[in-house]
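Since this is a predicted model, take the numbers as computed values, not measurements. Only this structure's heavy atoms are used, side chains among them; waters, hydrogens and symmetry mates stay out.
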Amino acid sequence: MNLHDWIDELSDVLDLETEVDEGLLADLDELVHDSVGRGSGPVATYLLGYAAGSRAAGPADVERMAAAAQALAEGWDRPADAPDPDDVDDDVPDDRGIDHTGDLADAGDATGGGTGDDTDDEGDAR
């Protein structure tokens, strides 16, 4: 079975009426895999399909979105094994010797959560 047959059979199983540009998807998968790293190609093609489906995109729209994804991948300069800059492992200070008994009540007061009692600002029961 070739890719075209697989796509036809899978579309039938998923009850999809669509045409798939398998060359476009294969090119996107390969380029993203090579530029970004392992596992990124299938994710890119999935997200492209999801975006196309959610927007009822026509072939020209799909090609435009694929080109945008390819441009992002081609400009990707983070090595595959580089840590995510948003995923920081800062050292956590050892404060086991500090009494944190009142911390939860203090946190509620600081965020406007109140004192935890069942009265309003005037002291009336809620």
Quiz item: side chain to side chain contact (heavy atoms under 4.5 Å, CB included) with Ala51: which residues, sequence neighbours excluded?
Solution: Arg55, Met65
Quiz prompt | Closest contact, heavy atoms only, Ala73 versus Ser35 | solution = O-CB, 3.0 Å
Quiz prompt | side-chain contact (heavy atoms from CB on, under 4.5 Å) partner of Asp5, the single match among Ile7, Leu3, Asn2 | solution = Asn2
Quiz item: For residues 58-73, which residue pairs qualify under side-chain hydrogen bond (donor to acceptor under 3.5 Å, both in side chains), counting only residues two or more places apart or in two chains?
Solution: none
Practice problem: Grab the two heavy atoms, one from Ala57 and one from Val62, that are nearest each other, plus how far apart they are. | Solution: CB-CG2, 4.1 Å
Quiz item: If every non-hydrogen atom of Leu28 is compared with every non-hydrogen atom of Ala66, which pair is closest and at what distance?
Solution: CD1-O, 4.1 Å
Practice problem: Please report the shortest heavy-atom distance between Val32 and Ser40, naming the atom on each side. | Solution: O-OG, 3.1 Å
Quiz item: With ILVMFWY side chains joined below 4.5 Å, transitively, what does Leu47's cluster contain besides itself?
Solution: Val43, Tyr46, Tyr50
Identify each donor-acceptor pair in which a side-chain atom of residues 14-24 lies under 3.5 Å from a protein atom, sequence neighbours left out, and give them as a table.
from, atom 1, to, atom 2, distance (Å)
Asp21, OD1, Gly23, N, 3.3
Asp21, OD1, Leu24, N, 3.0
Glu22, OE1, His4, ND1, 3.4

Exercise. Please round to the nearest 0.5 Å and tell me the distance separating atom CG of Leu31 and atom CG of Leu72.
Key: 10.0 Å
Quiz item: How would you list, by chain and number, every residue that makes a salt bridge (charged side-chain N to carboxylate O under 4.0 Å, His left out) with Asp94, sequence neighbours excluded?
Solution: Arg96
Quiz item: Which pair of heavy atoms, one from Leu25 and one from Leu48, lies closest together, and at what distance?
Solution: CD2-CD2, 3.9 Å
Quiz item: How would you list, by chain and number, every residue that makes a side-chain hydrogen bond (donor to acceptor under 3.5 Å, both in side chains) with Asp95, sequence neighbours excluded?
Solution: His100
